[in-house]
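As the structure is a prediction and not an experimental result, all values here were calculated from the model.
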Amino acid sequence: MTAHPQDSEPQAQSAPSRRKFVTASAAVGAAALTGTALAASAPAQARTATGRAAAAPSAGAACTTVPNRYDEPFEVCDDELFVFMANYKPFENPGFFDKVIGDALRAAFPGLKVKAVTWDYPVRYEDLDKAGVVPDIIIEDPRRRIDRDLEPRGWVSDLTDDIRSAGIDLGSLNPAAVEVVRSRSDGGLYGVPLFVDEFVLFHNKKIFDMKGLRPPANGVTYDEAFRLAKKLTFEQDLVAYKGYLQHPDLYLEFNQLGLYPFVPGASENPAPADVKVNITSEGWQRLGSNMERFLLHPHNIFTSVDEYLTSGHVAMAVDSLWKLNAYALSPLYLQEDDAEEWRELAKGIELGVTSVPVLGKGDNALYQPNTMAAFLPPQSKKKAQALQVLKWLVSQEAQVELSRHGMKPALRSRAVESAFGAAIPELKGIDTSGVFWGDNAVLTGYENTEYWDLPLYMVFRQHVLKDGLRVSSALKVTETVDIPAYIKSQAERGFDW
């Protein structure tokens, strides 16, 4: 399981083991930064994302061996379409890829040989790079990983003309998700969004019933959520109950105003010393004061949103969509050796889910999309075939298949929405309408900027919760001290993110 870049400071964890939980979506992960690795529990012969034992290469196929830190036999053959995936935790689970899309992909392309592998067991990007192996399709988090992993290796290029020639209709896809990819693509479009690991608001009906309160509905405002949080933060029979948990770093990074922290300059590749940020404007101050009250409410102590499940004593928590399927105990989303423990923990909750709170009455802006996108490295010798597969992946046929398996597709259509969770029987009886309620906030103001992975955790988790500063002061210190120091230190180490 990956840690998140915004979790540069360790959080208190009540989970039985680090592997079993993440603070939010693994799509926001940064294993390269933290050095932690995705866990895998599949047998050695089947430790690919497909869960299948590796197929024998065709007669005459040329194969390249990829040495790795695990000393596991691994090779990529030229008769395979090599799909490499990272930073979406469920892809780790043996058989997940096949179940949600791989089998349908093979049916759509008879005879297609797909080798689908998840970072990092047994290989990582650097292993492939050293061996001279380039994936044909990469499914990855565009927000952080373009600049960290793909662009430095030359594994991305502008796909605008390819997308047009293939007849891929970007207008049918989540516009905010397309914009996230575009914001990292240096004026072009390096990839195409496939799905969104949406942020949603979980609630535990058991705790609401203890206080005789009605659970929140889709479109709940932060003001309404805060009033509920105050009533649901209490102690009973020597047990402390928390009303509301929301990861403050993610709240700022995926903010619902579509704010971008970088100030546009004269170039999309400014020198590190020329990178300017602004997180003290009126909009950022509004975001800060909105969250500050939740974090400072007495006894509503922020630890980890995982506490929703691990303690069973949290009334509401904002977390990632894949957790909905896991909390409902879908075997598809649970690793086999975790299932018994999760079933026991789930006895403490009565699972409910709505849209993430909105900033005000009449608003419908959710978090900016936590997008997973597909990239086609220009070095691939199967680019034409990969482009046809990509076209299929964003077709209604494929996107409905993702939706059936509890994922929020990038394609916007009634068929996609109505299919949600149909292949996850554990979701039966749970109102999942919040998954598609509202619109993702659209990122703006990114032109002529260069992305850096900023230490936004300093705002709340350092300066507010540890140092005791007001949020207005915390934003100022982070903007004028912490961020410039971070950029300088990264540049001195030879990094540009």
Using a 6.0 Å distance limit plus a 45 degree cone around the ring axis, check whether K211 lies over the aromatic ring of F234.
yes
Output, in order, the C-alpha distance, side-chain angles, deciding distance and verdict of side chain to side chain contact (heavy atoms under 4.5 Å, CB included) for N255 and Q368.
CA-CA 6 Å; N255 72 81; Q368 295 166 43; 3.5 Å; yes
Can you check side chain to side chain contact (heavy atoms under 4.5 Å, CB included) on N93 and L332, steps first, answer last?
CA-CA 7 Å; N93 298 345; L332 189 61; over 6 Å; no
Give me the one residue out of T118, V114, D103, V117 that meets side chain to side chain contact (heavy atoms under 4.5 Å, CB included) with F97.
V114
How close do W322 and P90 get, heavy atom to heavy atom, and via which atoms?
CB-CG, 3.8 Å
If you apply the rule side chain to side chain donor-acceptor pair (under 3.5 Å), what do you find for E140 with Y125, and how did you get there?
CA-CA 12 Å; E140 175 62 284; Y125 285 125; 2.7 Å; yes
Output yes when a side-chain donor or acceptor of Y327 lies under 3.5 Å from a complementary backbone atom of A346, and no otherwise.
no
Would you mind reporting whether Y367 and Q256 have side-chain heavy atoms less than 4.5 Å apart?
yes
At their closest point, which heavy atom of Q285 faces which heavy atom of T280, and how far apart are they?
NE2-O, 3.4 Å
Under a 4.0 Å N-O cut-off, is there an ion pair linking D141 with R145?
no
Can R143 be said to sit on top of F254's aromatic six-ring, NZ or CZ under 6.0 Å from centre and within 45° of the ring axis?
yes
Can I get a per-line list of side-chain donor-acceptor pairs under 3.5 Å for residues 167-177, giving both atom names and the distance, sequence neighbours left out?
from	atom 1	to	atom 2	distance (Å)
D169	OD1	G171	N	3.0
S172	OG	D169	O	2.7
N174	OD1	A176	N	3.0
N174	OD1	A177	N	3.1
N174	ND2	N440	OD1	2.9

Could you tell me whether a side-chain N or O of T233 sits under 3.5 Å from a main-chain N or O of K230, the two making a donor and an acceptor?
no
Shortest non-hydrogen contact from V400 toward A419:
CG1-CB, 3.8 Å
Given the rule in the side chain to side chain contact (heavy atoms under 4.5 Å, CB included) test, do R412 and D439 qualify, once you have shown the distances and angles that lead to the verdict?
CA-CA 11 Å; R412 299 177 300 165; D439 296 312; 5.8 Å; no
Rounded to the nearest 0.5 angstrom, the CG-CD1 distance for L387 and I137 is 9.0 Å
So does E340 pair up with R343, basic N to acidic O under 4.0 Å?
no
Flag side-chain contact, heavy atom, 4.5 Å: V464 against L296:
yes
Output for pair (E417 CD, T432 OG1), nearest 0.5 Å, gives 10.0 Å
Heavy-atom check, side chain of Y244 versus side chain of L232, under 4.5 Å
no
Taken to the nearest 0.5 Å, the spacing of L257 CG from L287 CG works out to 4.5 Å
Any side-chain heavy-atom pair from I483 and F262 closer than 4.5 angstrom?
no
I'd like to know if the side chain of K408 and the backbone of V435 have a donor-acceptor N/O pair within less than 3.5 Å.
yes
Would you confirm whether the ring centroid of F302 sits within less than 6.0 angstrom of the ring centroid of F294?
no
Do side-chain atoms of N278 reach the backbone of V263 as a donor and acceptor pair under 3.5 angstrom?
no
Say whether Y333 and E426, considering side chains only, have a donor N or O and an acceptor N or O under 3.5 Å apart.
no
So which heavy atom on V416 is nearest to which on P409, and how close?
CG1-CG, 3.4 Å
Given the rule in the side chain to side chain contact (heavy atoms under 4.5 Å, CB included) test, do F199 and L366 qualify, once you have shown the distances and angles that lead to the verdict?
CA-CA 8 Å; F199 288 94; L366 309 173; over 6 Å; no
More than 12 heavy atoms from other groups under 6.0 Å of NZ on K206
yes
When rounded to the nearest 0.5 Å, the distance separating CD of Q399 from CE of M407 is 9.0 Å
For N204 and G348, indicate whether the former's side chain and the latter's backbone hold a donor-acceptor pair under 3.5 Å.
yes
Would you indicate whether the side-chain heavy atoms of T478 and I279 approach each other to under 4.5 Å?
yes
Assess, by modelled atom type and distance only, whether the side chains of S433 and N218 contain a donor and an acceptor separated by less than 3.5 Å.
yes
Strictly by side chain to side chain donor-acceptor pair (under 3.5 Å), give each pair with a member in residues 348-362 just once, sequence neighbours left out.
E224-K361
Nearest heavy-atom contact between W437 and V358 is CZ3-CG1, 3.8 Å
Scanning both residues in full, the closest heavy-atom pair of A474 with H463 reads CB-CB, 3.6 Å
Return yes if some donor-acceptor pair links the side-chain N/O of H247 with the main-chain N/O of D249 below 3.5 Å, else return no.
yes
When rounded to the nearest 0.5 Å, the distance separating CZ of F202 from CG of L309 is 10.0 Å
Taking side chain as C-beta onward, heavy atoms only, is Y222 less than 4.5 Å from R293?
yes
Side-chain donor/acceptor of T160 to backbone N/O of G188, under 3.5 Å:
no
Do D306 and D319 touch side chain to side chain, with heavy atoms closer than 4.5 Å?
yes
Between Q462 and D482, is any pair of side-chain heavy atoms under 4.5 Å apart?
no
dist R470:CZ -> S289:OG (nearest 0.5 Å) comes out at 12.5 Å
Greater than 12 external heavy atoms within 6.0 Å of E282's CD:
no
Are E92 and Y121 linked by a side-chain donor-acceptor pair shorter than 3.5 Å?
no
